[in-house]
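Shown next, in structure tokens, is the structure this report addresses.
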Amino acid sequence: MADRKHGHAPPPTESTLRGLDWYGEDLTGQTHTRVAFVEVDLTEAIGQNATFTECTFRGVKFNASVHTDAAFINCTFTQCGFFDVSFTGCKLVGSMFDGCAYDLMTVTGGDWSFVGLPGADLRRTKFEGVRMREADLTGARLDGGSFRRVDLSGAWLAKSSMIGSDLRGSDLTALDPLTVQLAGAIIDVDQACVVAARLGLDVRAD
């Protein structure tokens, strides 16, 4: 079960949808609250403005699906597949992930604040212009990924690995360079100053 911050238990579900074949389903405008989706196939599903509130997804295939302006609020994802999935302008505030696969996942815009991705393998993912305030990325592997213009203020980054990651334009004020692997990461000048200051260096313009 996904580990939620501060030990909060996941919301209880009130109904279950199990083993459904929703391959290529159009989810546009659908609304689900406290539903458990178990081993549902959402491969190549599409949808705009769909809303899932306090739902649980177990063994669900999101592969190659496209989600636009959708909301997955305070949801739990366990052993789900996100191969080549696309999230654009989506809100996943407070959602937690455990044992999922994220290969080639693309996230553009939207709000992923308070999301739990501890230990997640995000090496072949792309996040751009996403709000991830106070996200839990403890022990996550971001090596070689792209995290451009991501708001990581207050994020939990201890023991994460960002080797070779493109971090330009992202808020790194929560990053402790002594607990995060940063070799080869791509950063801009302003970020370099932030990292240097966190190392206790006296950064001056001249």
Side-chain angles (χ1 to χ4, degrees), residues 1-4 10-11 13 15-28 30-128 130 132 135-147 150 160-162 165:
M1 182 177 294
D3 183 23
R4 310 185 86 83
T13 54
S15 60
T16 301
L17 295 176
R18 185 185 302 272
L20 297 180
D21 183 1
W22 281 6
Y23 188 102
E25 184 83 3
D26 187 349
L27 305 174
T28 298
Q30 290 194 21
T31 300
H32 300 274
T33 301
R34 293 198 168 187
V35 178
F37 295 85
V38 181
E39 297 181 357
V40 175
D41 187 356
L42 285 170
T43 301
E44 296 192 11
I46 60 173
Q48 187 168 5
N49 297 315
T51 301
F52 300 85
T53 304
E54 297 188 342
C55 292
T56 294
F57 300 85
R58 291 196 296 272
V60 175
K61 296 178 181 178
F62 288 89
N63 301 331
S65 59
V66 178
H67 307 271
T68 306
D69 298 327
F72 296 84
I73 306 300
N74 203 27
C75 292
T76 301
F77 301 86
T78 303
Q79 299 292 326
C80 294
F82 292 95
F83 173 77
D84 201 25
V85 66
S86 173
F87 293 99
T88 302
C90 295
K91 182 180 290 187
L92 280 88
V93 175
S95 290
M96 310 299 291
F97 297 78
D98 179 49
C100 299
Y102 312 93
D103 202 21
L104 299 181
M105 181 173 74
T106 300
V107 181
T108 306
D111 192 347
W112 287 50
S113 297
F114 307 103
V115 159
L117 287 160
D121 186 348
L122 302 173
R123 288 177 294 177
R124 284 162 54 84
T125 63
K126 180 179 180 180
F127 288 74
E128 184 163 356
V130 187
M132 297 187 74
D136 185 357
L137 292 164
T138 306
R141 298 191 63 184
L142 288 68
D143 306 334
S146 180
F147 300 85
V150 176
S160 62
S161 181
M162 300 181 177
S165 298

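Computed from a predicted structure; not experimentally measured.
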Original post:
Does anything in residues 48-59 pair up under salt bridge (Lys or Arg N to Asp or Glu O under 4.0 Å), and if so which pairs, sequence neighbours excluded?
Top reply: Arg34-Glu54
Original post:
What is the minimum heavy-atom distance between Phe72 and Ala70, and which atoms define it?
Top reply: CE1-CB, 4.0 Å
Original post:
Taking only residues two or more places apart in sequence or in another chain, which ones pass side-chain hydrogen bond (donor to acceptor under 3.5 Å, both in side chains) with Thr51?
Top reply: none
Original post:
Partners of Arg18 by side-chain hydrogen bond (donor to acceptor under 3.5 Å, both in side chains), sequence neighbours excluded?
Top reply: none
Original post:
Could you give the distance from CE (Met96) to OG1 (Thr56), rounded to the nearest 0.5 Å?
Top reply: 12.0 Å
Subject >> Inter-residue atom distance Thr125.OG1 - Leu142.CG, 0.5 Å rounding >> reply: 6.5 Å
**OP:** State the OH-CD distance between Tyr23 and Glu44, to the nearest 0.5 angstrom.
**Re:** 3.5 Å
**OP:** Could you check whether the rings of Phe77 and Phe57 sit parallel, tilted or perpendicular, using 30° and 60° as the cut-offs?
**Re:** parallel
Original post:
With distance as the sole test, does Asp103 use its side chain to make a donor-acceptor pair with the main-chain N or O of Phe83 at under 3.5 Å?
Top reply: no
Subject >> His67 vs Leu27 side-chain heavy atoms within contact, under 4.5 Å >> reply: yes
Subject >> Sequence-distant partners of Glu128, side chain to side chain contact (heavy atoms under 4.5 Å, CB included), two or more places apart >> reply: Lys126, Arg148, Arg149
Original post:
Which word best sums up how the rings of Tyr102 and Phe82 line up, parallel for under 30°, tilted for 30 to 60°, or perpendicular for over 60°?
Top reply: parallel
**OP:** Would you please name every residue forming a salt bridge (Lys or Arg N to Asp or Glu O under 4.0 Å) with Glu25, sequence neighbours left out?
**Re:** none
**OP:** Name all residues meeting the side-chain hydrogen bond (donor to acceptor under 3.5 Å, both in side chains) criterion together with Asp41; count only those two or more places apart in sequence or in a different chain, and write none if there are none.
**Re:** Thr43
Subject >> side chain to side chain contact (heavy atoms under 4.5 Å, CB included) against Gln48, all qualifying residues, sequence neighbours excluded >> reply: Thr28, Thr68, Asp69
Original post:
What pairs with Leu20 under side chain to side chain contact (heavy atoms under 4.5 Å, CB included), at least two apart in sequence or on another chain?
Top reply: Leu17, Trp22, Val40
Original post:
Who passes side chain to side chain contact (heavy atoms under 4.5 Å, CB included) against Asp143, sequence neighbours left out?
Top reply: Arg123, Arg141, Ser161, Ile163
Original post:
Does any N or O in the side chain of Ser95 come within less than 3.5 Å of the main-chain N or O of Cys75, such that one atom is a donor and the other an acceptor?
Top reply: yes
Original post:
Angle class for the Phe52/Phe37 ring planes (parallel below 30°, perpendicular above 60°, tilted otherwise)?
Top reply: perpendicular
Original post:
Of all heavy-atom pairs between Ser165 and Gly144, which one has the smallest distance, and what is that distance?
Top reply: OG-N, 3.6 Å
Subject >> Short side-chain to backbone donor-acceptor contact, Thr53 and Ile73, under 3.5 Å >> reply: no
Original post:
So, do Val38 and Thr16 sit near enough that their side-chain heavy atoms are less than 4.5 Å apart?
Top reply: yes
Original post:
Distance from Met162 atom CE to Leu122 atom CG, nearest 0.5 Å?
Top reply: 10.0 Å
Could you go through residues 104-119 and list every donor-acceptor pair under 3.5 Å that involves a side-chain atom there, pairing it with any protein atom two or more places apart or in another chain?
from: Asp111; atom 1: OD1; to: Ser113; atom 2: N; distance (Å): 2.9
from: Asp111; atom 1: OD1; to: Ser113; atom 2: OG; distance (Å): 2.6

**OP:** Identify the two heavy atoms, one from Leu42 and one from Phe62, that lie closest to each other, and give their separation to 0.1 Å.
**Re:** CD1-CE2, 3.7 Å
Original post:
In chain order, what residues pass the side-chain hydrogen bond (donor to acceptor under 3.5 Å, both in side chains) check against Ser160, with sequence neighbours excluded?
Top reply: none
Original post:
From Arg124 CZ over to Ser146 OG, what is the distance, rounded to the nearest 0.5 angstrom?
Top reply: 13.5 Å
Original post:
Could you state the interatomic distance from CG (Asn74) to OG1 (Thr33), rounded to the nearest 0.5 Å?
Top reply: 11.5 Å
